[in-house]
Amino acid sequence: MKILRRKHGIAVLLYLGQYFAYVLQLVSILMLVAMSITGLSIPLWAFATLLMIIAPTLSLYLYSLIMLDKEYDGDPRRDVFAINSVNLAFIMALPRIAIANLMGLLGIGKIEWIPTPKGSHKWVMESLNLFPEYLMTAIIITAFVFTVIHVMILNMLIILPYLAGYVRGLWRIIDGTL
């Protein structure tokens with residue numbers, strides 16, 4: 001309530017809401033993994049709803065990017081690859097961001113904050129703890145294997161982008177190119 005009473009309270013609250021979204025996304029990924037391991041398939045209506053939300057949003061985002069590139073004589077192909085790298089960094093940092101946000105919201109503990117995996121080759125050489133990144137990659141691989149075993153096509157369609165992101169992201173962290 002203190003935030004809402006301030007001059008830009010609603011804008012600040014919306015800005016802070018994005019940090020809570022990290023927690024929700026991590027929880028949703030873990031729920032998807034648990035469903036895949038136990039053999040529960042995502043209902044068709046939930047998949048269709050997700051598709052109806054994501055497809056127009058991504059299309060509008062890409063259209064806006066292309067129009068912005070045209071306006072400023074940019075290179076859409078280069079920018080799409082740049083966005084891909086940003087998304088990989090976000091995916092790999094998701095567990096750390098979510099845990100740090102939960103700890104901050106609850107006012108507990110202290111976490112070694114690493115904003116992005118940039119310069120990760122140095123991290124690997126200095127034996128930085130990459131446990132969250134390894135763990136999330138292993139969890140997503142496990143979920144993918146169980147979607148194949150249980151033949152859950154809808155779960156697989158949602159897990160595949162995460163699988164590609166985590167495996168590629170972990171490789172780039174270890175290689176020091178992310």
Side-chain angles (χ1 to χ4, degrees), residues 3-4 10-67 76 79-106 108-109 111 115-117 130-173 178:
I3 293 172
L4 287 176
I10 292 174
V12 170
L13 196 58
L14 287 173
Y15 180 75
L16 292 175
Q18 76 178 344
Y19 292 102
F20 190 63
Y22 293 123
V23 176
L24 291 178
Q25 184 165 7
L26 183 63
V27 168
S28 68
I29 289 171
L30 295 176
M31 286 174 52
L32 177 62
V33 168
M35 288 175 66
S36 298
I37 290 172
T38 59
L40 294 173
S41 185
I42 295 171
L44 183 58
W45 66 267
F47 182 79
T49 303
L50 182 65
L51 197 59
M52 287 189 310
I53 292 169
I54 290 176
T57 304
L58 286 176
S59 298
L60 181 62
Y61 181 71
L62 288 173
Y63 174 77
S64 299
L65 174 67
I66 291 168
M67 291 298 107
D79 291 340
V80 166
F81 283 113
I83 289 170
N84 182 36
S85 289
V86 169
N87 287 337
L88 279 178
F90 161 74
I91 286 173
M92 297 313 293
L94 183 63
R96 291 179 190 268
I97 294 170
I99 292 167
N101 288 326
L102 277 175
M103 291 172 76
L105 285 170
L106 300 174
I108 57 172
I111 187 168
T116 66
L130 294 175
F131 180 74
E133 290 79 9
Y134 288 127
L135 180 63
M136 284 302 292
T137 304
I139 287 172
I140 294 296
I141 290 170
T142 302
F144 178 75
V145 167
F146 276 96
T147 61
V148 171
I149 291 171
H150 295 299
V151 191
M152 296 182 296
I153 304 300
L154 295 180
N155 291 36
M156 191 182 304
L157 289 174
I158 295 174
I159 288 177
L160 273 173
Y162 284 112
L163 177 68
Y166 274 102
V167 170
R168 184 166 180 247
L170 184 60
W171 171 254
R172 287 191 61 190
I173 285 175
L178 183 61

Next on the checklist: So does Ile42 get a backbone contact from the side chain of Asn155, meaning a donor-acceptor N/O pair under 3.5 Å?
Outcome noted: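 A pair under 3.5 Å: yes.
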
For the residue pair [X] and [Y], establish whether any side-chain heavy-atom pair is separated by less than 4.5 Å.
X      : Y      : value
Thr49  : Ile53  : yes
Leu94  : Tyr166 : yes
Pro95  : Leu135 : no
Ile139 : Ile29  : no
Leu26  : Met136 : yes

Find the distance between [atom1] ([X]) and [atom2] ([Y]) and round it off to the nearest 0.5 Å.
X      : Y      : atom1 : atom2 : value
Thr137 : Ile91  : OG1   : CD1   : 10.0 Å
Leu163 : Thr142 : CG    : OG1   : 10.5 Å
Trp45  : Leu50  : CH2   : CG    : 11.0 Å
Thr38  : His150 : OG1   : NE2   : 7.0 Å
Leu160 : Ile153 : CG    : CD1   : 9.5 Å
Ser28  : Tyr162 : OG    : OH    : 5.5 Å

Over all atoms of both residues, closest heavy-atom pair of [X] and [Y]:
X      : Y      : answer
Pro56  : Leu51  : CD-O, 3.8 Å
Met152 : Met35  : CE-O, 4.3 Å
Val33  : Ala143 : CG2-CB, 3.7 Å
Ile173 : Glu133 : CD1-CG, 3.9 Å

Next on the checklist: Is it the case that atom CE in Met31 sees more than 12 heavy atoms from other parts of the structure closer than 6.0 Å?
Outcome noted: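 Check fails, neighbour count at 12 or below.
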
